[in-house]
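For reference, the structure discussed in these notes is given below.
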Amino acid sequence: MESKSSDENCNNPNSELHPSKLMMASHFLRALFRIQHTTTDSSFAGRSRKIRRAAYASMAYSVGTKRSWSSALLRKLRSRSRLRSPNPRRAKYAALPGKPRVARPQQREMDQAQVLRELVPGGTSMDDCRLLEETTDFVRCLSTQVRLMQAVVDSVSI
Amino acid sequence: MPIEMSSRRSRITDEEINELISKLQSLLPESRRRSTSRASASKLLKETCSYIRSLHREVDDLSDRLSDLMSTMDSNSPQAEIIRSILRS
C-alpha cells in the first residue's frame with residue numbers, strides 16, 4: 001500500500017540526516033542570520049515575531065506542496081507578507097497557526113475532529129481520513145521544528 | 001464509531017483507519033499516550049489537539065529565547081563564520 005509516502009516527508013525516525021530535516025535546519029539558520037543582520041525593527045518583540053515566522057516558513061518550505069497542510073501554510077505565509085506593509089491591521093485575518101484569534105469556551109461540546117481541523121493548516125477542507133494523515137505529518141514536522149529550535153538555543157547558550 | 005465518517009468510507013477500510021490512528025498515537029509523547037491507551041479515537045483527537053497547541057506554545061517560547069540570545073550573540077565569531085560557510089556551500 002501507499003502508506004509509505006507519509007514517511008518520506010518529515011521525520012523518518014531511523015534517519016537522523018533525513019533530507020527534509022537538513023533543509024529545514026538550513027532554511028531556519030539562514031533566516032536567523034538574516035534576522036540578526038536586519039536593522040529595521042530590532043526590538044525584542046519584533047525579532048521574536050520574525051523568528052517565529054521563520055520557524056513556520058522553514059517547516060512549510062521543506063515540505064513544499066507535497067502536503068495539503070504545507071501548501072495551506074505557504075499560502076498563509078505569503079498572504080501575510082503581502083498584507084503586512086500596506087495595512088498591518090489586516091494581517092489579523094491570516095493569522096499564523098499558533099495565535100488564537102477567538103476565545104473558545106465551548107470546546108468540549110464540539111466535535112473533536114472539527115477542533116483538529118482548525119488546528120491543522122488546510123484542515124477545514126479535508127475529510128476525516130485525510131485529516132488523520134495530514135495531522136500525522138504536520139505533528140511530525142512541528143515537533144521536529146521545535147527540537148531544531150531547542151538545539152539552536154542549546155548550542156548558543158553557554 | 002467515535003469518528004463521524006463521511007460517505008467516502010466505502011473506499012477506506014477499517015484497518016486503514018486503525019493504522020492511521022495508531023500512527024498518530026505513536027507520535028504523542030509518552031506522558032500523553034498513557035492516558036489514551038484504551039480510549040476512543042475521540043479521546044486521541046483531543047490529546048492530539050492539546051499536543052499541537054503545546055507545540056505552538058513551545059515555538060513561541062523558543063522564538064522569544066532565540067530573540068533574547070540574538071541580542072547578545074556576536075555574529076562575527078568564528079562559530080558564526082563556520083556555519084555561514086556551510087550554508088553557502
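Within every chain, numbering begins at 1; the chains are lettered A, B, ... in the order of the sequence lines, protein sequences first and strands thereafter.
Within the model, atoms CZ of Arg147(A) and CG of Leu55(B) stand 9.5 Å from one another, a figure rounded to the nearest 0.5 Å. Interatomic distance, Phe44(A) CZ to Met70(B) CE, rounded to the nearest 0.5 Å: 11.5 Å. Atom CD of Glu133(A) sits about 11.5 Å away from atom CG of Leu24(B), to the nearest 0.5 Å. With values rounded to the nearest 0.5 angstrom, Ser48(A) atom OG is found 7.5 Å from Asp60(B) atom CG. Note that CD1 of Ile52(B) is 5.5 Å distant from OG1 of Thr135(A), once rounded to the nearest 0.5 Å. One finds the CG atom of Asp128(A) at 11.0 Å from the CG atom of Leu20(B) (value rounded to the nearest 0.5 Å).
Annotation: side chain of Leu45(B) is not in contact with side chain of Val115(A) (no heavy-atom distance under 4.5 Å). Looking only at side-chain heavy atoms (C-beta outward), Val59(B) and Leu142(A) come within less than 4.5 Å of each other.
The one candidate from Leu44(B), Thr48(B), Ile21(B) that meets the side chain to side chain contact (heavy atoms under 4.5 Å, CB included) condition with Leu132(A) is Ile21(B).
Put simply, Leu74(A) and Phe28(A) are part of two different groups of oily side chains (I, L, V, M, F, W, Y) that touch within less than 4.5 Å, one to the next. Side-chain heavy atoms closer than 4.5 Å link hydrophobic residues (I, L, V, M, F, W, Y) into clusters, and following such links, even through other members, never connects Tyr61(A) to Met149(A). A single hydrophobic cluster is seen to contain both Val120(A) and Leu28(B), as judged by linkage of ILVMFWY side chains at heavy-atom distances under 4.5 Å, directly or through other members. Linking ILVMFWY residues whenever their side-chain heavy atoms come closer than 4.5 Å, directly or via other members, places Phe33(A) and Leu62(B) in the same cluster. Linking ILVMFWY side-chain heavy atoms closer than 4.5 Å, directly or via other members, places Leu32(A) and Val153(A) in a single hydrophobic cluster.
Here the shortest heavy-atom pairing between Arg140(A) and Lys23(B) reads NH2-CD, 4.1 Å. Nearest approach of Leu119(A) to His56(B), heavy atoms of both residues: O-NE2, 4.4 Å.
Put simply, the side chain of Arg47(A) gets close to the backbone of Ser67(B): a donor and an acceptor are under 3.5 Å apart.
Ranked by heavy-atom pairs shorter than 4.5 Å toward chain B, the options Leu131(A), Ile51(A), Val152(A) are led by Ile51(A).
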Q: For side chain to side chain contact (heavy atoms under 4.5 Å, CB included), just list the numbers for Gln150(A) and Arg65(B), CA-CA rounded to whole Å, side-chain angles, deciding distance to a tenth of an Å, and then say yes or no.
A: CA-CA 9 Å; Gln150(A) 185 65 60; Arg65(B) 285 169 73 185; 4.0 Å; yes

